[in-house]
A.B. asks: 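I have a structure here, written as structure tokens, and I will follow up with some questions on it.
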Amino acid sequence: MRNVVIVGSGCAGNTAAIYAARASLTPLVVAGHEPGGQLSLTTLVENFPGFPDGVNGPDLVENIKKQSQNFGAEYVLGSVVGADLSKRPFRLNVDGEWIETRALIIATGASARWLGLPSEQKLIGHGVSSCATCDGFFYRGKKIMVIGGGDSAMEEANFLTKFGSEVVLVHRRDQFRASRIMIDRVRANPKITLLTNTVVDEIFDVSKGVVTGVRLRDVLSGDTWEREVDGFFLAIGHVPNTAAFKGQIELDQDGYIVSKGGATTSVRGVFHAGDVQDRTYRQAITAAGAGCMAAIEAEHFLAAEEH
Ligand code: NAP
């Protein structure tokens, strides 16, 4: 029986682990299917306080993990695939093995969203990617397309110009969700072409087992045309990783955990931290802060039970 199990090992989970470990709760962190979370898929993080020259994302999250381990946090590889939060101790199914805990912090973050085209799903890893940092290198001198109109799309389009012969950024509207500075960088980059009011209807060529092009559609005129593409990068947001907790705690219509104030959820003793609940800020620093809050609340919850 554990005092606290933290599900997720991104910025939120690892920070919660530091605080819970320093409170002598010997937390167990279930690292999840994307250990390190979204920071492990980024390069330079320029806005995490304390690093005037920026910090490498994977290094940052790994250092937070090491910091928690120095205080006694334990990590297990694997994912929570089921849970019983109807009574305490809470029970978690970690890849088939059940563990019990007095308190639970859910810091499972959010994963990349896909367009949902059958051709897209068949070509993942063969030209279709949701991670520019991971896969950009493979498209040196090739034609690259990025989908999305948020900060991620802008950041990835800029990053991918290091590799591609051209980068075409496709967005379904003519207004961008991204911040001004990110849009300005994209507009100033001569290697990037912007296609607005445009969507992708099909990705070619499933029969060849590799991306060779796409069929695009102008959403205003309805015109369609084809364009050669080698690397197809999705940057259209994320989906919260709450499938294992569905029906156990209150989630909103998109699957995000509904906060009941501070780090609390609809179940006493279960706390949330990071992007699994936060659809607004979604920053490394806010996730870290949320991890801190969740651990402090879990500690208070457990301490109150002992008195
Ligand atoms: P986002 O802000 O939610 O933007 C997602 C984009 O994808 C939107 O432009 C959206 O279009 C588009 N989209 C969604 N579903 C689509 C679909 N099915 N087909 C076509 N397009 C679709 O997500 P994000 O860019 O990943 O950013 C998430 C958060 O992280 C934001 O708060 C952002 O500021 C932050 N972030 C910050 C930085 C940075 O500061 N360095 C870098 C990356 C991310 P619509 O606009 O039409 O809805």
Side-chain angles (χ1 to χ4, degrees), residues 4-17 29-42 57 61 64 78-85 90 92-95 101 103-116 120-121 124 129-131 134 147-153 155-156 177-178 234-267 269-295 297-298:
V4 186
V5 169
I6 299 164
V7 190
S9 59
C11 221
N14 289 354
T15 304
V29 181
V30 182
H33 66 282
E34 282 174 15
Q38 291 184 58
L39 274 185
S40 64
L41 307 177
T42 59
V61 74
I64 304 174
S79 299
V80 171
V81 294
D84 180 2
L85 309 182
F90 302 125
L92 300 169
N93 181 341
V94 181
D95 292 331
T101 183
L104 174 65
I105 295 174
I106 303 176
T108 44
S111 293
R113 180 181 285 134
W114 302 96
L115 290 177
E120 167 199 60
Q121 295 302 304
I124 291 173
S129 170
S130 67
C131 179
C134 320
I147 313 300
D151 282 329
S152 298
E155 193 172 71
E156 301 206 348
R177 210 173 273 271
L234 277 307
I236 59 170
H238 291 83
V239 182
N241 295 316
T242 48
F245 305 104
K246 203 170 174 201
Q248 300 286 321
I249 57 169
E250 191 179 335
L251 306 176
D252 70 14
Q253 72 278 6
D254 296 324
Y256 286 89
I257 293 177
V258 174
S259 182
K260 297 292 177 181
T264 61
T265 68
S266 59
V267 177
V270 179
F271 304 91
H272 62 75
D275 288 12
V276 71
Q277 177 274 326
D278 170 23
R279 54 161 81 232
T280 309
Y281 304 106
R282 301 191 280 197
Q283 300 299 299
I285 186 64
T286 50
C292 158
M293 288 166 62
E297 292 195 23

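What you see is a predicted model, and the numbers here were worked out from it, not measured in a lab.
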A.B. asks: State the CE-OG1 distance between Met293 and Thr15, to the nearest 0.5 angstrom.
C.D. replies: 13.0 Å

A.B. asks: Search all heavy atoms of Gly255 against all heavy atoms of Thr242 and return the closest pair with its distance.
C.D. replies: O-OG1, 2.6 Å

A.B. asks: Verify, without hydrogens or angle tests, whether Thr101 (side chain) and Val5 (backbone) share a donor-acceptor contact under 3.5 angstrom.
C.D. replies: yes

A.B. asks: Looking at His238 and Ala110, what are the two nearest heavy atoms and their distance?
C.D. replies: CB-CB, 3.6 Å

A.B. asks: For Thr265 and Glu250, run side chain to side chain contact (heavy atoms under 4.5 Å, CB included): C-alpha distance rounded to whole Å, both residues' side-chain angles, the deciding distance at 0.1 Å, then the answer.
C.D. replies: CA-CA 7 Å; Thr265 68; Glu250 191 179 335; over 6 Å; no

A.B. asks: State, with a plain yes or no, whether a side-chain heavy atom of Ile6 is found less than 4.5 Å away from one of Phe271.
C.D. replies: no

A.B. asks: Among residues at least two apart in sequence or on other chains, which ones pass side chain to side chain contact (heavy atoms under 4.5 Å, CB included) with Ala287?
C.D. replies: Cys11, Ala12

A.B. asks: Which heavy atom of Ser40 sits nearest a heavy atom of Pro35, and at what distance?
C.D. replies: OG-O, 3.4 Å

A.B. asks: Provide the full list of side chain to side chain donor-acceptor pair (under 3.5 Å) pairs with a residue in residues 106-116, sequence neighbours left out, each pair given once.
C.D. replies: Ser111-Asn241

A.B. asks: Spell out, as yes or no, whether a donor-acceptor pair under 3.5 Å connects the side chain of Ser129 to the backbone of Cys131.
C.D. replies: yes

A.B. asks: Counting distance only, does the side-chain N/O of Gln248 pair as donor-acceptor with the main-chain N or O of Leu85 below 3.5 Å?
C.D. replies: yes

A.B. asks: For Ser152, what residues pass the side-chain hydrogen bond (donor to acceptor under 3.5 Å, both in side chains) criterion, not counting sequence neighbours?
C.D. replies: none

A.B. asks: Picking from Val80, Val4, Val7, what satisfies side-chain contact (heavy atoms from CB on, under 4.5 Å) with Leu104?
C.D. replies: Val7

A.B. asks: Contact between Phe90 and Val267 at the side-chain level, heavy atoms closer than 4.5 Å - yes or no?
C.D. replies: yes

A.B. asks: State, with a plain yes or no, whether a side-chain heavy atom of Leu251 is found less than 4.5 Å away from one of Ile257.
C.D. replies: yes

A.B. asks: Sequence neighbours left out, what passes side chain to side chain contact (heavy atoms under 4.5 Å, CB included) with Asp252? Give chain and number order.
C.D. replies: Asp254, Tyr256, Val258, Arg279

A.B. asks: How far apart are the closest heavy atoms of Asn14 and Ser9, and which atoms are they?
C.D. replies: ND2-O, 3.2 Å

A.B. asks: Residues in side-chain hydrogen bond (donor to acceptor under 3.5 Å, both in side chains) with Ser130, at least two apart?
C.D. replies: none

A.B. asks: May I ask you to decide if Gly116's main-chain N or O and Glu120's side chain share a donor-acceptor pair within less than 3.5 Å?
C.D. replies: yes

A.B. asks: Of all heavy-atom pairs between Ala294 and His272, which one has the smallest distance, and what is that distance?
C.D. replies: CB-O, 3.5 Å

A.B. asks: Could you check whether any side-chain N or O of Thr286 sits under 3.5 Å from a backbone N or O of Gly289, counting only pairs where one atom can act as donor and the other as acceptor?
C.D. replies: no

A.B. asks: What residues form a side-chain hydrogen bond (donor to acceptor under 3.5 Å, both in side chains) with Asp151, not counting sequence neighbours?
C.D. replies: Ser179

A.B. asks: State, to 0.1 Å, how close Leu92 and Ala83 come at their nearest heavy-atom pair, and which atoms those are.
C.D. replies: CD2-CB, 3.8 Å

A.B. asks: Going through the distances and angles, do Ile249 and Ile106 end up as a side chain to side chain contact (heavy atoms under 4.5 Å, CB included)?
C.D. replies: CA-CA 11 Å; Ile249 57 169; Ile106 303 176; 3.8 Å; yes

A.B. asks: Side chains of Ser79 and Val30, heavy atoms from C-beta outward: is any pair under 4.5 Å?
C.D. replies: no

